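For reference, the structure is listed below as C-alpha cells.
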Amino acid sequence: MGPQESETGSDKFRLLVKLSSNTPVFGCRMFPVVRVSRHQSFLQLEVPPHELTFSWYREQTSSSFDRDKVRCSVHVDMLAKMQCEECVKLNLSVKGSYHCSNSCYVDAWEKHKVYHRYAAETVSETLSNNQQEVRNIKSYGPDKYWPESDFVVGSSSDKNEKVMEPDGKIWIKVGSSKSYAPTEHDIGHRLRLECAAVDCSMGTNITPVNITVTDPVIYPPVHPPRSTIKCVWKSWNSGLEAHSSSDLTFSVLSYNILAGIYATGNRYSYCPEWALSWEYRMQNIINEIIEYDADILCLQEVQRDHFEDLLKPALAKCGYSVLYKTKTKEVYTPNQYTIDGCATFYRRDKFKEIVKYELEYDKSALPFVEALEPELKKDGRFRLLKDNVALVVILERVKNEGSFDGNQPRICVANTHIHASEKFPDVKWFQVVSLINGLGTIANSKIPLLICGDLNSLPLSNPHSFISKGILQSVPNKETDPLGVYQYLRPRPIYKLKSAYACFFQSDGIEEQQRRKMDSETMEPIFTNFTSEFTGTLDYIFFTVNSLRLESVLELLDKEALGSGLPSPQWSSDHIALMGSFTFTLERSSYQGQRLLPYLPSPWRTAAAQ
C-alpha cells in the first residue's frame with residue numbers, strides 16, 4: 001500500500017494525519033504529518049491555538065512477537081539473543097544494539113562504550129540546566145549479562161493501557177510521543193495511531209480523534225557487509241615514505257544518499273513502497289554509515305529537514321561534528337518547501353575545524369553570463385545559473401595522548417555535487433573548473449587535498465580527465481559549448497590529484513573478484529550509480545598523491561546481486577558509498593607551512609572556526 005492518509009472533522013475544522021508508508025518497519029521511527037485546517041464553509045474562522053496529542057498502540061493477538069526475525073548487528077546470519085540496554089536508553093541505532101551471544105557482546109563492548117559516551121554528551125548538550133537536571137548515565141559493561149532466552153527491553157502487555165474495540169479487538173498502548181519506532185515486540189502486529197487536536201484554552205478536542213491503522217510491522221532484509229581491502233604497494237609513486245604511526249591514518253567516505261524529494265515511486269517503481277519512505281531509507285543509511293566507521297563523511301543530496309530531524313542528531317551521538325551547505329533554490333513538496341545540499345561530518349575526537357569555504361556555482365558563473373551578448377544572456381542564465389554548491393573545510397588532526405609533539409597535520413576536504421543533466425556538458429565543465437581553480441590555492445599551501453562527491457560525469461569525460469590528469473579528453477565544440485565557456489575559463493589543473501579507486505586498481509596483488517568490478521580501460525568502478533535507466537560511475541574520491549598514500553578502499557558491489565536496480569530494501573540510495581583510508585606522507589617539518597590560511601577570492605565565502 002502507498003502512504004496512509006486519514007482525515008476526521010467537525011462542523012468547522014478538519015484533522016489530517018498522514019504516514020509516509022502504511023508498512024511500519026522494525027527500528028525505523030515513524031513521523032506522522034499532521035495538519036489542522038478549516039472547512040470550506042468556515043474560511044472566515046481562525047483555527048484556535050491547539051496542541052496535538054498522540055497515542056500509539058499495538059494490536060494484541062494470540063501469537064507472541066516474532067523475535068526469530070531479529071538479527072545480530074555483528075553476525076547478520078545469526079539470530080539476536082540479547083540487546084544492549086544503554087543503547088536503548090540513549091536512543092542509539094536499534095539495529096546496532098542486538099547481539100547473538102555473550103561473547104559477541106563482549107567483543108563489541110569497546111565500541112559500545114565509545115558510542116555511549118558520545119551519546120551521553122550529546123544528550124547533556126541538548127538539555128537546559130534550567131529545565132532539567134542531567135542525570136549521570138551509567139554504562140553497563142559486558143559483566144552484565146542477560147539470559148539468552150529473552151530480550152532486555154519490551155514492556156509487559158498486561159501492565160500497559162489497553163483499548164478494546166466493539167468487535168473485541170484489543171490494542172495495547174506502546175507510546176505517547178509524536179513519533180514511534182517499532183520494536184521487536186511489534187513485528188507481525190498492526191499499529192494504531194490516535195491523534196487529537198486539543199483547544200489550548202478550553203481543553204476540549206476541536207475535531208474528533210483521528211485513528212490510523214497500519215499494516216503489520218515487518219523486519220527488513222539485511223544488506224551484506226562490505227569489507228575494506230588493503231592496498232599492497234611495492235613502492236609509492238610520491239617518492240616519500242609514509243609515517244608508520246596509525247595516528248596519521250584516517251578514512252574518508254563519499255556517498256550520495258538520495259534526497260527524499262527525488263525518491264518517488266514513479267522514478268523507482270521497482271523498489272517496494274515501504275523501502276522508499278524517507279524514514280526507512282534514512283535509518284537504513286544511518287545504520288550503513290555507522291557500520292563503515294569512517295573518520296570523515298562527505299554526503300550529497302542531504303535534504304534539509306531530514307538532516308535536522310534524523311541525520312545530524314544520530315551521527316552526533318556517534319561522535320561526529322558537521323558542516324552543512326544547502327543548494328541555492330528550494331523545492332516545493334506537498335507539505336513544505338525544502339532543499340538538499342552537501343554535509344561533511346568529521347570525528348570530533350580526531351579532527352577540529354580550522355576554516356570553511358563555500359562555493360555557489362551560480363555566483364561563479366554570473367560574471368560570465370553578464371558579459372554575454374544581449375541575445376545570449378537568457379540562454380546563459382538558463383544554462384549556467386544552476387543551484388549546485390561545493391563545501392570545503394580545512395581540518396586539523398587533534399593531538400591525542402601518545403601522538404608526536406609539535407604541529408599537527410592538516411587536510412583539506414572538498415565535498416561537491418555537480419549538475420546532473422547530460423544535456424549541459426558545458427555546465428559540468430564550468431563548475432568543475434571553478435572548484436579546481438579555487439582548490440589550487442589550497443594545494444599550493446602544502447595542505448593535502450581530498451575531493452569527494454557526485455560529479456555526474458563519467459570516467460574519461462572532460463571533468464574527470466581534468467581533475468585526474470590535468471587535460472581535456474575532447475575539445476568542446478559549438479554543440480557541447482554553445483556559449484564559449486571553454487574560451488572564457490582559464491583552467492589551472494592540480495597535477496598531483498588521482499582517483500582513489502583507480503589507484504587501487506593499479507595496486508599489487510588485487511584479486512580477480514575485485515578486478516572484475518572495475519573497468520580495465522578507465523580503471524574506475526564499473527558503476528557507482530545503478531537504476532533501471534542508467535548504470536555507470538559518477539562518484540569519486542580524488543587525493544593528492546604527493547602528500548597522502550592510499551591504504552585501503554571499501555569493496556565494490558556486484559551488479560548481479562542487486563536485482564533490478566537501486567534503491568532497494570537492502571541499499572537505500574541509487575548510489576553506492578565509496579571509502580578510502582589514507583596516511584599522511586609529508587615530512588613533519590612541512591606542517592609548519594600549513595599554518596597560513598589560504599585566501600580564496602569571491603565568489604568563495606570563507607568562515608574561520610571560532
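Sequence positions, counted from 1, serve as the residue numbers for this chain. Small disclaimer: the values here were computed from a predicted structure and weren't measured.
Ion pairing between E396 and K352 holds under the 4.0 Å rule for side-chain N and carboxylate O. In this structure, K428 does not pair ionically with E422, as no charged nitrogen and carboxylate oxygen lie closer than 4.0 Å.
With contacts defined as side-chain heavy-atom distances shorter than 4.5 Å, the pair E521/L460 qualifies. Taking 4.5 Å as the limit, every side-chain heavy atom of F542 sits out of range of all side-chain heavy atoms of I436. Using a 4.5 Å heavy-atom cutoff, the side chains of T326 and V302 are not in contact. The closest side-chain heavy-atom distance from Y270 to S568 is not below 4.5 Å. Considering only heavy atoms from C-beta on, L550 comes within 4.5 Å of F582 through its side chain. Side-chain atoms of L557 and F530, non-hydrogen and from C-beta on, never get closer than 4.5 Å to each other. Looking at heavy atoms from C-beta onward, F31 lies out of side-chain contact with S20 at the 4.5 angstrom threshold. E273 is listed as a side-chain neighbour of S21, based on a closest heavy-atom distance under 4.5 Å.
Between the side chains of E291 and N287, no donor-acceptor pair is found at a separation under 3.5 Å. A donor atom on one side chain and an acceptor atom on the other are found under 3.5 Å apart for S179 and R29. Side-chain N/O atoms of D340 and Y262 include a donor and acceptor closer than 3.5 Å. Checked by atom type, the side-chain pair Y361/T416 shows a donor-acceptor distance below 3.5 Å. A donor and an acceptor atom, one from each side chain of Y320 and R348, are nowhere located under 3.5 Å apart. A donor-acceptor contact under 3.5 angstrom links the side chains of T249 and T583, judged on distance only.
When every heavy atom of L556 is checked against every heavy atom of Y501, the shortest pair comes out as CD2-CE2, 3.6 Å. Considering all non-hydrogen atoms of both residues, M579 and A294 come closest at SD-CB, 3.7 Å. Here the closest heavy-atom approach between residue I467 and residue L497 is recorded as O-CB, 3.4 Å. In plain terms, the two heavy atoms of R281 and I257 that are nearest each other are NH1-O, 3.2 Å. The two residues G96 and H99 make their nearest non-hydrogen contact at O-NE2, 4.2 Å. The shortest non-hydrogen separation linking C100 to M78 is CB-CB, 3.8 Å.
Without hydrogens or angle criteria, Y540 side chain to E524 main chain gives no donor-acceptor distance under 3.5 Å. For R347 (side chain) and C318 (main-chain N/O), a donor-acceptor pair under 3.5 Å exists by modelled atom type. When atom types are taken as modelled, the side chain of K317 and the backbone of L90 share a donor-acceptor pair closer than 3.5 angstrom. In this structure, D558 contributes its side chain and A561 its backbone to no donor-acceptor pair below 3.5 Å. Side chain of Y357 to backbone of G438: no donor-acceptor contact under 3.5 angstrom is found. A donor-acceptor contact shorter than 3.5 Å is absent between the side chain of T531 and the backbone of L566. Looking at Q303, its side chain never comes within 3.5 Å of a backbone N or O of A259 through a donor-acceptor pair. When atom types are taken as modelled, the side chain of S97 and the backbone of C84 share no donor-acceptor pair closer than 3.5 angstrom. Not a single donor-acceptor pair under 3.5 Å links the side chain of S269 to the backbone N or O of G265. In terms of modelled atom types and a separation under 3.5 Å, the side chain of S251 and the main chain of D295 share a donor-acceptor contact.
Ring geometry for Y105 versus W109: interplanar angle of 30 to 60°, hence tilted.
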Pair E360-K325, salt bridge (Lys or Arg N to Asp or Glu O under 4.0 Å): steps then yes or no = CA-CA 9 Å; E360 297 175 355; K325 172 63 179 173; 2.6 Å; yes
Decide side-chain contact (heavy atoms from CB on, under 4.5 Å) for L538 and N256; before the verdict, give the C-alpha distance in whole Å, the side-chain angles of both, and the deciding distance to 0.1 Å.
-> CA-CA 10 Å; L538 304 175; N256 179 325; over 6 Å; no
Can you check side-chain contact (heavy atoms from CB on, under 4.5 Å) on E353 and L323, steps first, answer last?
-> CA-CA 9 Å; E353 176 193 347; L323 303 166; 3.3 Å; yes
side-chain contact (heavy atoms from CB on, under 4.5 Å) assessment of V70 paired with Y219 = CA-CA 7 Å; V70 183; Y219 188 85; 4.2 Å; yes
Report the C-alpha distance between F26 and Y98 in whole Å, list the side-chain angles of each, state the deciding distance to 0.1 Å, and finish with yes or no for ring-ring contact (aromatic ring centres under 6.0 Å, His included).
-> CA-CA 13 Å; F26 162 77; Y98 288 99; 5.8 Å; yes
Give the intermediate values and the outcome of ring-ring contact (aromatic ring centres under 6.0 Å, His included) for residues F250 and F584.
-> CA-CA 9 Å; F250 63 95; F584 291 98; 5.1 Å; yes
Audit row: E301, I261, side-chain contact (heavy atoms from CB on, under 4.5 Å) steps and yes/no = CA-CA 10 Å; E301 282 197 26; I261 49 179; over 6 Å; no
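For the atom pair S254 OG and I541 CD1, the distance stands at 5.5 Å (nearest 0.5 Å). Here OG of S73 is found 9.5 Å from CD of Q83. Values are rounded to the nearest 0.5 Å. Interatomic distance, K350 NZ to L395 CG, rounded to the nearest 0.5 Å: 13.0 Å. Atoms SG and CD1, on C452 and I296 in that order, are 8.0 Å from each other to the nearest 0.5 Å. Considering OH of Y180 and SG of C28, their distance stands at 13.0 Å, rounded to 0.5 Å.
Summarising the local packing, NZ of K517 is surrounded by more than 12 heavy atoms from other residues, nucleotides or ligands at distances under 6.0 Å.
Looking at N415, D454, N388 one by one, the single match for side-chain hydrogen bond (donor to acceptor under 3.5 Å, both in side chains) with Q300 turns out to be N415.
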